[in-house]
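Below: the structure, in structure tokens.
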2 protein chains.
Amino acid sequence: MLDNLANINGLPQYIRIRESIRERILGGELVRGEKLPSEDELAMVYGVSRMTLRQSLADLIDEGLLYRKHGVGTFVALQQFARDHTVLRNFIETSKEEGLNVEEKLLDARLTSAKFQVARALNLEEGDKVVCLKTLRILEGNPITIHEAYFDHVKFSDFLEGNIEELSKDLLAYYESKGYKVKRGIQRLEARSIENDIAEILQIDESTPLLYKERTLYTAEGIPVEFLYCYNRGDLYSVTINLTT
Amino acid sequence: MLDNLANINGLPQYIRIRESIRERILGGELVRGEKLPSEDELAMVYGVSRMTLRQSLADLIDEGLLYRKHGVGTFVALQQFARDHTVLRNFIETSKEEGLNVEEKLLDARLTSAKFQVARALNLEEGDKVVCLKTLRILEGNPITIHEAYFDHVKFSDFLEGNIEELSKDLLAYYESKGYKVKRGIQRLEARSIENDIAEILQIDESTPLLYKERTLYTAEGIPVEFLYCYNRGDLYSVTINLTT
DNA sequence: GAGTGGTCTAGACCACCCG
DNA sequence: GGGTGGTCTAGACCACTCG
């Protein structure tokens with residue numbers, strides 16, 4: 001009765017209810033700090049059992065949109081955190097959503113042999129064949145990031161024969177199309193001095209520090225999919241991270 | 001029947017079952033990639049309903065220890081991710097657990113007026129009174145990090161009258177003791193060139209880049225608790241982050 | 001078709017908080 | 001004491017996967 005966009009056929013009830021509540025919060029119908037009706041009441045309003053209703057709330061609490069107080073009630077959080085946990089997002093799409101002018105330039109794409117660090121991360125043997133994909137990302141005309149991604153040539157043997165320019169724009173989608181849906185990752189960040197070749201590509205001098213990143217991506221099963229080196233201009237690039245206890 | 005440490009009285013069953021399963025995995029009884037018994041069977045073994053058992057599994061799946069395949073079964077993940085989502089941890093305790101020699105030196109603790117950025121982060125007005133706590137962290141004899149934390153003097157008025165040396169060793173515990181349990185946070189990382197005063201304290205020259213961090217901590221309700229500037233030696237310090245879709 | 005996880009119900013009792 | 005969320009049950013039917 002309260003749903004609109006959330007009322008798509010085929011979706012489980014708890015998802016439709018969750019989205020309905022989310023819309024009521026984001027739309028301003030439920031104000032920050034405001035108490036929601038009790039679980040019993042919400043379950044009645046939405047016409048489901050309390051267990052089902054709690055499944056809806058659980059997701060929103062995990063996202064930081066709601067919080068519970070035992071014996072008191074459920075409330076809309078004062079501070080809105082990440083709407084979802086999506087830390088892994090496609091760089092180009094994300095930047096475009098923010099209205100930024102983004103270009104991506106293919107620097108190199110080739111078959112090579114895995115060195116120690118790459119092999120270890122991808123659970124391969126040193127010397128095994130891997131695809132190396134190097135790209136430069138340009139934000140509002142400024143070269144800002146060099147990406148150097150490695151992935152198993154056995155799992156992704158058709159990459160180099162495909163439309164590399166196109167495929168490299170959304171590697172996550174490409175991995176998924178091959179049956180490797182990325183679910184988790186581990187990344188490590190460092191501040192580094194810049195090296196000559198990197199300085200040249202990013203068109204900066206050697207006094208600018210570099211935000212250096214290493215990242216490994218995995219499926220839900222824990223299969224490593226990609227290992228990445230990433231060199232970011234320190235003065236133009238920063239990384240924002242949501243933390244939870 | 002299978003529990004031991006997980007069999008503490010007073011704990012909900014789903015937590016005891018969860019910990020029992022976790023122990024069976026970490027203890028090697030359940031191997032990576034191995035299929036668990038079906039939910040029906042596990043529920044019977046543990047003597048609970050299937051819904052209760054699923055609550056146990058949900059936590060372990062969220063942690064990345066297990067994954068499910070619809071119509072197939074539940075499996076132990078191949079790669080073990082963070083055992084829990086605890087990204088927020090006490091630096092000193094964590095380092096000690098890793099067997100590292102850690103010292104913390106109090107540099108400054110005083111009452112001051114919130115400048116623009118601090119005021120905005122803590123939801124205060126510019127000029128409102130805040131406590132500023134500056135500490136130096138020394139790892140294995142190397143000065144590695146300068147922490148500059150700010151928190152509301154109204155919420156935490158007794159800090160400066162307390163044993164500052166002691167309290168500053170676990171600020172999260174101090175905040176919690178005042179009714180502000182930290183649940184979430186947002187942090188931002190940058191690579192920066194070093195400034196004179198920082199270089200002097202960290203005993204490094206100005207060619208070493210700095211891993212600069214800003215962080216705001218919040219309660220589950222979304223109340224801001226602490227705003228922090230953090231200056232880390234780039235060549236000795238790196239930040240590891242777990243990502244999820 | 002058999003087995004698995006995904007969703008859902010209509011109750012129940014408990015622990016916690018507040019007036 | 002009354003209202004709230006926390007935990008738990010004993011079923012049910014559906015959707016998916018595989019042989």
Query raised in the report: Do you know which of Lys155(B), Lys181(B), Glu226(B) makes side-chain hydrogen bond (donor to acceptor under 3.5 Å, both in side chains) with Tyr175(B)?
Result: Glu226(B)
Report summary line: Within residues 33-42 of chain A, the residues having a heavy atom closer than 4.0 Å to DNA chain C are none
Query - Short side-chain N/O contact from Thr74(B) to OP1 or OP2 of dG5(C), under 4.0 Å - result: yes
Query raised in the report: For dT9(C), does OP1 or OP2 lie under 4.0 Å from any side-chain N or O of Thr52(A)?
Result: yes
Would you say the side-chain atoms of [X] pair up with the backbone N or O of [Y], donor to acceptor, closer than 3.5 Å?
X         : Y         : answer
Glu34(A)  : Val31(A)  : yes
Arg32(A)  : Leu78(A)  : yes
Asp128(B) : Glu125(B) : yes

Query raised in the report: Please, which pairs that meet side chain to side chain donor-acceptor pair (under 3.5 Å) have at least one residue in residues 156-165 of chain B, sequence neighbours excluded?
Result: Asp158(B)-Tyr174(B), Asp158(B)-Lys178(B)
Nucleotide [N], atom [atom2] - distance to [atom1] of [X] in whole Å:
X        : N       : atom1 : atom2 : value
Tyr67(A) : dT4(D)  : OH    : P     : 16 Å
Leu53(A) : dC8(C)  : CG    : P     : 12 Å
Arg18(B) : dT7(D)  : CZ    : P     : 10 Å
Met44(A) : dT4(D)  : CE    : C1'   : 15 Å
Leu57(B) : dC8(D)  : CG    : P     : 14 Å
Gln55(A) : dA10(C) : CD    : C1'   : 16 Å
Arg54(A) : dT7(C)  : CZ    : C1'   : 16 Å
Tyr14(A) : dT9(C)  : OH    : P     : 13 Å

Report summary line: B/S/- along nucleotides 12-19 of chain C (protein heavy atoms under 4.0 Å) is B--BBS--
Query - Nearest-nucleotide comparison on DNA chain D, the residue closer to the 5′ end among Gly73(A) and Met51(A) - result: Gly73(A)
Query raised in the report: Within a radius of less than 6.0 Å around NZ of Lys115(B), do more than 12 heavy atoms belonging to other residues, nucleotides or ligands occur?
Result: no
Report task. Using distance alone, with no hydrogens and no angle criterion, decide if Tyr46(A) and Thr52(A) have a side-chain donor and acceptor under 3.5 Å apart. Result -> no
Query raised in the report: Do Tyr229(A) and Gln117(A) have side-chain atoms, one donor and one acceptor, less than 3.5 Å apart?
Result: yes
**Report entry** Step-by-step side chain to side chain donor-acceptor pair (under 3.5 Å) determination, Ser238(B) to Arg188(A)
**Finding:** CA-CA 7 Å; Ser238(B) 72; Arg188(A) 197 171 63 79; 3.1 Å; yes
